[in-house]
Amino acid sequence: MRNILTVFILTFIIIIITALSCTSSPSESEVVRPRYLFPGDYMADPAAHVFNGRLYIYPSHDRVSSAGSGGMDGGAYDMIDYHVFSLDDIFYGDVTDHGVVLSLRDIPWARSQLWDNDVACKDDIYYMYFPAKDHNGIFRIGAAIASRPEGPFIPQPEPIPGSYSIDPCVFEDDGNYYMYFGGIWGGQLQQYNGNTYAGTSNRPNNSGRAISPRVAKLSGDMLRFAEEPRELLITDRNGNPLMSADNSRRFFEASWMHKYNGVYYFSYSTGDTHYLCYATGDNPYGPFIYQGIILTPVIGWTTHHSIVEFKEKWYLFYHDARPSGGTDHLRSMKVTELTHLPDGSIQRINGMR
Ligand code: FUB
């Protein structure tokens with residue numbers, strides 16, 4: 001009797017294991033693991049674009065600095081130049097480092113902290129947009145121009161008039177170019193009422209509506225705002241604006257926009273809760289409805305990304321601080337595949353992989 005029972009239990013376990021292995025997602029060995037793109041140096045905030053059939057990456061260039069070890073103003077993120085990288089095969093191709101393409105010392109209006117940048121192309125001219133603190137310690141956004149995607153980029157003598165805060169991302173739609181920008185805490189967005197500078201607070205008030213990222217259409221010459229920056233509203237599924245205290249969902253920094261099947265996907269970091277998440281809308285200005293998490297927390301405080309289609313597949317470019325042993329301001333850029341599910345949602349990615 002006991003033998004029959006043992007055989008029965010073993011058979012049952014084998015059936016369950018077989019069923020699970022048939023229905024679960026592919027095993028780790030079948031999925032291409034995320035790739036660290038440039039082990040030779042610390043690069044973060046990778047903005048990826050396809051230009052002339054090749055994939056280009058525009059990251060921040062992290063470095064060891066005596067400027068600070070942390071703190072509320074992000075002083076440890078003390079970057080002084082940008083590199084450009086390019087590649088042709090996401091997981092297995094060589095990654096070309098095109099070297100330094102813009103340096104802080106060549107930007108007359110900027111004093112410190114070259115943070116996340118982005119690049120757009122119009123009429124075969126390449127425009128880099130980047131934040132830096134000016135000589136008064138206020139973040140502004142500058143533009144620099146190149147004739148090739150790999151630079152070098154020549155900076156404009158002044159920041160974009162009316163620009164402020166950090167993390168510009170530029171998205172082209174039907175021949176119009178929109179800049180999304182802003183970041184709270186060290187990114188200074190809480191210091192503005194609308195577009196007006198209103199003080200030096202280090203933290204937003206944790207009550208009321210969450211602070212909104214900003215969006216502005218760019219002028220025909222790509223060097224100015226064609227309109228006053230607008231607030232980009234993110235709501236829950238009932239149309240209620242996300243609140244400041246809702247720090248697992250509200251906007252913190254790291255704006256990115258992509259379009260898939262006619263839907264606009266605005267993605268961003270939640271900062272102190274360390275998620276990359278997304279909200280969808282039916283036009284570039286929104287409103288956007290919060291949908292969920294794209295990437296769970298990575299090693300390191302910041303999380304920042306771009307989403308791009310290349311050779312008919314979609315990818316998430318991001319960073320973590322695993323290679324530096326978890327030093328928050330020494331980050332390494334990575335890439336992994338991103339999946340839009342049939343219902344339009346984005347499959348969640350594990351940040352610890
Ligand atoms: O790289 C400096 C800052 O850290 C970026 O601007 C933020 O988005 C965060 O990643």
Side-chain angles (χ1 to χ4, degrees), residues 38 41-48 57-65 67-83 102 104 110-119 128-134 137-142 159 163-170 179-191 202 211 213-214 247 250-257 266-278 294-295 297-307 316-324 326-334 351:
F38 193 64
D41 203 348
Y42 296 115
M43 301 283 163
D45 312 325
I57 309 170
Y58 302 92
S60 310
H61 182 191
D62 285 352
R63 66 176 190 132
V64 177
S65 151
S69 57
M72 302 211 289
D73 66 349
Y77 299 84
D78 181 38
M79 297 85 110
I80 55 170
D81 61 29
Y82 293 117
H83 287 230
L102 179 61
L104 182 65
R111 184 183 78 188
S112 64
Q113 286 162 289
L114 290 183
W115 286 10
D116 161 61
N117 77 86
D118 194 17
V119 168
M128 176 179 278
Y129 301 97
F130 59 90
K133 279 189 181 158
D134 67 12
I138 308 288
F139 269 118
R140 309 289 305 276
I141 295 172
S163 68
Y164 55 93
S165 198
I166 61 165
D167 288 1
C169 125
V170 174
M179 181 186 289
Y180 299 84
F181 64 94
I184 61 174
W185 295 22
Q188 302 180 342
L189 190 57
Q190 69 279 358
Q191 300 179 2
N202 278 320
I211 294 173
R214 306 296 203 262
N247 64 343
R250 62 90 174 91
F251 172 82
F252 189 100
E253 63 187 3
S255 296
W256 189 259
M257 181 70 84
F266 178 72
S267 48
Y268 57 95
S269 163
T270 62
D272 54 337
T273 48
H274 317 290
Y275 296 116
L276 286 180
C277 52
Y278 71 108
I294 297 174
L295 182 74
V298 297
I299 290 174
W301 201 94
T302 69
T303 187
H304 191 130
H305 68 301
S306 59
I307 294 170
L316 178 77
F317 288 79
Y318 60 115
H319 66 232
D320 69 28
R322 191 193 297 265
S324 69
T327 304
D328 289 332
H329 63 281
L330 297 178
R331 301 161 294 177
S332 296
M333 58 180 176
K334 303 173 79 170

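Indexing begins at 1, ligand by ligand and atom by atom, following the structure's order.
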*Return the residue, atom name and 0.1 Å-rounded distance of the protein heavy atom closest to atom 9 (C) of ligand 1.*
Glu253 OE2, 3.4 Å

_Gln190 (side chain) donor-acceptor with Trp185 (main chain) under 3.5 angstrom_ = yes

*asked:* Counting only nitrogen or oxygen atoms and a 3.5 angstrom limit, does Asp62 reach ligand 1?
replied: no

*Parallel under 30°, tilted from 30 to 60°, perpendicular over 60°: which one fits the rings of His274 and Trp301?*
perpendicular

_I need the atoms of ligand 1 closer than 4.0 Å to a non-hydrogen atom of Met79, numbered in the order shown._
1 (O), 2 (C)

*Identify which one of Phe181, Phe130, Tyr180, Trp256 satisfies the side-chain contact (heavy atoms from CB on, under 4.5 Å) criterion when paired with Asp118.*
Trp256

*Go through the side-chain N and O atoms of Thr302 and Arg331 and say whether any donor and acceptor fall under 3.5 Å apart.*
yes

*Counting from 1, what ligand 1 atoms have a heavy atom of Arg331 closer than 4.0 Å?*
1 (O), 2 (C), 4 (O), 9 (C), 10 (O)

_Angle between ring planes, Phe251 versus Phe266, binned at 30° and 60°: parallel, tilted or perpendicular?_
tilted

*Is there a nitrogen or oxygen of His304 sitting under 3.5 Å from a nitrogen or oxygen of ligand 1?*
yes

*asked:* Below 4.0 Å, non-hydrogen atoms only: which portion of Asp116 touches ligand 1? Side chain, backbone, both or neither.
replied: both

*Output the list of atoms in ligand 1 that are nearer than 4.0 Å to some heavy atom of Asp167, sorted by atom number.*
5 (C), 6 (O), 7 (C), 8 (O)

*Does any N or O in the side chain of Ser165 come within less than 3.5 Å of the main-chain N or O of Gly183, such that one atom is a donor and the other an acceptor?*
yes

*Is the shortest N/O to N/O distance between Asp45 and ligand 1 below 3.5 Å?*
yes

